[in-house]
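Submitted below is the structure of interest, expressed as structure tokens.
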There are 2 protein chains.
Amino acid sequence: MKTQRAKPSESAVAVTGTATASSMTSYGPTALPVSGGVMEEIFATHGVAMRARRRQRLVMGAKRSDVIYLLKSGLLVLSANGSGDRRQLLTILYPGDVFSMALVPPLDGIGLVAMTDCELSRMRPSALDDSPKELREFDALLGERTAELHARSILHIARLASLSSESRVAAFILELALRTGQVVNDTVTCDLPLSRSDIADYLSLNADTLSRIMTRLKSRGAVATVGRSRAIVKSVKRLSKEVPICAATLALHGRAEGAG
Amino acid sequence: MKTQRAKPSESAVAVTGTATASSMTSYGPTALPVSGGVMEEIFATHGVAMRARRRQRLVMGAKRSDVIYLLKSGLLVLSANGSGDRRQLLTILYPGDVFSMALVPPLDGIGLVAMTDCELSRMRPSALDDSPKELREFDALLGERTAELHARSILHIARLASLSSESRVAAFILELALRTGQVVNDTVTCDLPLSRSDIADYLSLNADTLSRIMTRLKSRGAVATVGRSRAIVKSVKRLSKEVPICAATLALHGRAEGAG
DNA sequence: TGTGGACCTTGACGCGCATCAACAACCCGG
DNA sequence: CCGGGTTGTTGATGCGCGTCAAGGTCCACA
């Protein structure tokens with residue numbers, strides 16, 4: 001096991017909520033970062049608020065337990081140990097996403113890692129046993145959000161399988177920008193909470209190669225960077241035209257789903 | 001658009017069920033190919049039976065409609081048009097899987113294609129509006145199966161991202177064997193309903209490369225073939241040891257989930 | 001404001017896989 | 001039993017990306 005680069009220092013502190021929950025202010029449904037309120041309200045009522053710091057790994061209770069998490073703000077990543085000492089990032093979770101261990105295969109070292117400081121809420125569905133109406137709503141909404149997660153995973157498969165490395169990187173930045181960025185006309189600016197190696201692990205690339213590709217994209221004028229952790233997509237339209245799959249990215253991650 | 005090989009002749013016949021449903025015998029829950037009955041019973045009661053022939057493409061109603069399909073027997077594949085003229089296979093559906101367009105991103109040419117003759121059942125959840133108890137069960141079960149599909153997609157991402165081509169092929173054959181094959185001691189025999197190019201499109205490989213890899217696997221004694229469309233895994237244990245991720249494959253696709 | 005360590009960039013080089021091309025095996029209907 | 005179309009196999013070749021190595025840059029913290 002020889003790693004030429006130092007491993008990212010990912011604090012493995014358990015964040016089981018009980019410890020930090022008391023330090024959280026509770027959220028009224030109007031203060032929620034995402035629209036669609038019903039699910040968030042259920043979590044606010046029956047769940048336990050918790051918080052995770054950047055680089056912290058969430059210990060998601062016991063295996064296969066029925067605890068469900070709602071991400072209220074921040075960015076989470078599903079991580080696992082690939083072959084050798086390579087880590088891989090399998091999914092990115094955005095605010096509003098609902099997640100549980102049932103959604104995940106039993107891979108070695110699998111779990112959620114916070115890419116930014118996060119606020120989330122933890123709940124077990126059995127908490128709804130005494131209010132059947134809420135339980136019904138919850139099941140239906142959970143199904144919808146799980147379906148959306150699935151669609152995103154499929155899209156990621158499509159990207160990995162059919163896109164050139166350069167297009168993959170472009171598509172990734174576009175997705176992140178659409179999700180978390182500020183839109184001004186056709187330009188989007190966003191933070192890059194993932195380091196270069198994180199991005200590489202997510203896109204199934206080498207960190208060195210990723211760096212080269214970023215340089216290429218910048219010199220071509222497709223994207224620009226401010227410091228290390230901020231990216232600017234110069235023209236969403238142009239990028240969408242260049243990258244074949246971007247239409248789907250726009251549909252899944254664009255501003256069409258807020259419905260508000 | 002120059003394809004050196006002839007395109008696979010995939011008949012684009014619409015199988016919307018109404019046409020073929022009358023020719024189907026209805027299935028009692030005891031005759032079902034998979035265990036777990038409740039979901040299958042709901043489909044048997046409220047759904048429409050339908051059938052697809054090998055290579056047929058299922059036209060899944062209108063976009064985003066709420067029709068849900070249950071695969072009763074056979075093998076389905078989620079297919080889309082990748083960049084260029086390359087087709088890509090994104091997921092494999094096995095008997096017992098429940099599927100709808102909500103699970104899928106809006107990719108070009110996306111849809112289900114039958115790899116073998118299939119029996120399925122089609123239903124819209126609104127059919128359950130008048131029996132709330134069934135609707136509750138349905139939502140809960142649907143959530144479970146969707147979660148399993150998601151876990152499988154994540155596993156596929158992990159395979160694509162972290163496995164060498166050879167391991168990918170081995171893992172694929174193992175999965176198929178575990179799902180559809182006959183087990184004798186440590187040996188499993190199964191049909192290969194996917195052609196070489198199908199497998200290549202699923203594993204993000206070139207058909208030529210796949211052929212070479214198969215030759216290598218055979219000469220190494222890991223697998224054997226009978227004719228073109230039948231494979232034998234010599235030793236599941238050995239293969240599992242060789243291929244890093246196979247533990248998860250065994251857990252998700254092995255004989256642990258029947259619970260009967 | 002300086003210093004150490006993490007993070008990023010860039011070059012040289014080799015390997016693995018895609019591509020192209022030709023051929024062999026198989027399948028099906030006659 | 002034969003012929004044509006489909007599918008699978010194999011060789012030669014080139015390119016993209018991973019790997020290794022050597023700086024350069026940024027940031028946290030004192």
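Naming convention: chains lettered A, B, ... in sequence-line order (proteins, then strands); numbering from 1 in each chain.
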Of A/R168 and B/M214, whose closest DNA chain D nucleotide lies nearer the 5' terminus?
B/M214
Whole-Å gap separating C1' (C/dC20) and CZ (B/R86)
14 Å
Using atom CG of A/L205 as one end and atom C1' of C/dT9 as the other, report the distance to the nearest whole Å.
16 Å
Rounded to whole Å, CZ of A/R228 lies from C1' of D/dA28 at a distance of 13 Å
Considering every strand and a 4.0 Å limit on heavy-atom distances, what is the contact class for A/S195: base, sugar-phosphate, or nothing?
sugar-phosphate
Of the listed nucleotides (C/dC8, D/dT9, D/dG18), which one gets closest to any side-chain atom of A/N206?
D/dG18
Ignoring backbone atoms, test whether A/S211 places a side-chain nitrogen or oxygen under 4.0 Å from the OP1 or OP2 oxygen of C/dT9.
yes
So does A/I92 get a backbone contact from the side chain of A/R152, meaning a donor-acceptor N/O pair under 3.5 Å?
yes
Between D/dT9 and B/K218, is there an OP1 or OP2 to side-chain N/O distance shorter than 4.0 Å?
yes
Base, sugar-phosphate alone, or nothing: which one does A/S229 contact when heavy atoms must sit under 4.0 Å apart?
nothing
In whole angstrom, what separates A/I213's CD1 from D/dG18's C1'?
12 Å
Among the nucleotides C/dC17, D/dG8, D/dT10, whichever has the atom closest to the side chain of B/T209 is C/dC17
Answer yes or no: does a side-chain N or O of A/S165 lie under 4.0 Å from OP1 or OP2 of D/dC17?
yes
Heavy atoms under 4.0 Å, any strand shown: does A/T225 hit a base, just sugar-phosphate, or nothing?
nothing
Using the salt bridge (charged side-chain N to carboxylate O under 4.0 Å, His left out) rule, pick out the option among B/R54, B/R179, B/R230 that qualifies with B/D191.
B/R230
Parallel, tilted or perpendicular: which one describes the rings of B/F99 and A/H150, with boundaries at 30° and 60°?
perpendicular
Length of the line joining A/D208:CG and C/dG14:C1', which is rounded to integer Å:
15 Å
A/R196 atom CZ is separated from C/dT10 atom C1', nearest whole Å, by 14 Å
B/D201 atom CG is separated from D/dG8 atom P, nearest whole Å, by 11 Å
A/R216 atom CZ is separated from C/dT10 atom C1', nearest whole Å, by 13 Å
Give a yes or no on whether the backbone of B/I154 and the side-chain of A/S153 come within a donor-acceptor separation of less than 3.5 Å.
no
Taking N and O atoms by type only, does the side chain of B/R212 place a donor or acceptor under 3.5 Å from a partner on the base of D/dG11?
yes
Taking A/S211 for its side chain and A/A207 for its backbone only, find out whether a donor-acceptor pair lies under 3.5 Å.
no
Nearest heavy atom decides the nucleotide; on that basis, is B/L210 or A/S164 closer to the 5' end of DNA chain D?
B/L210
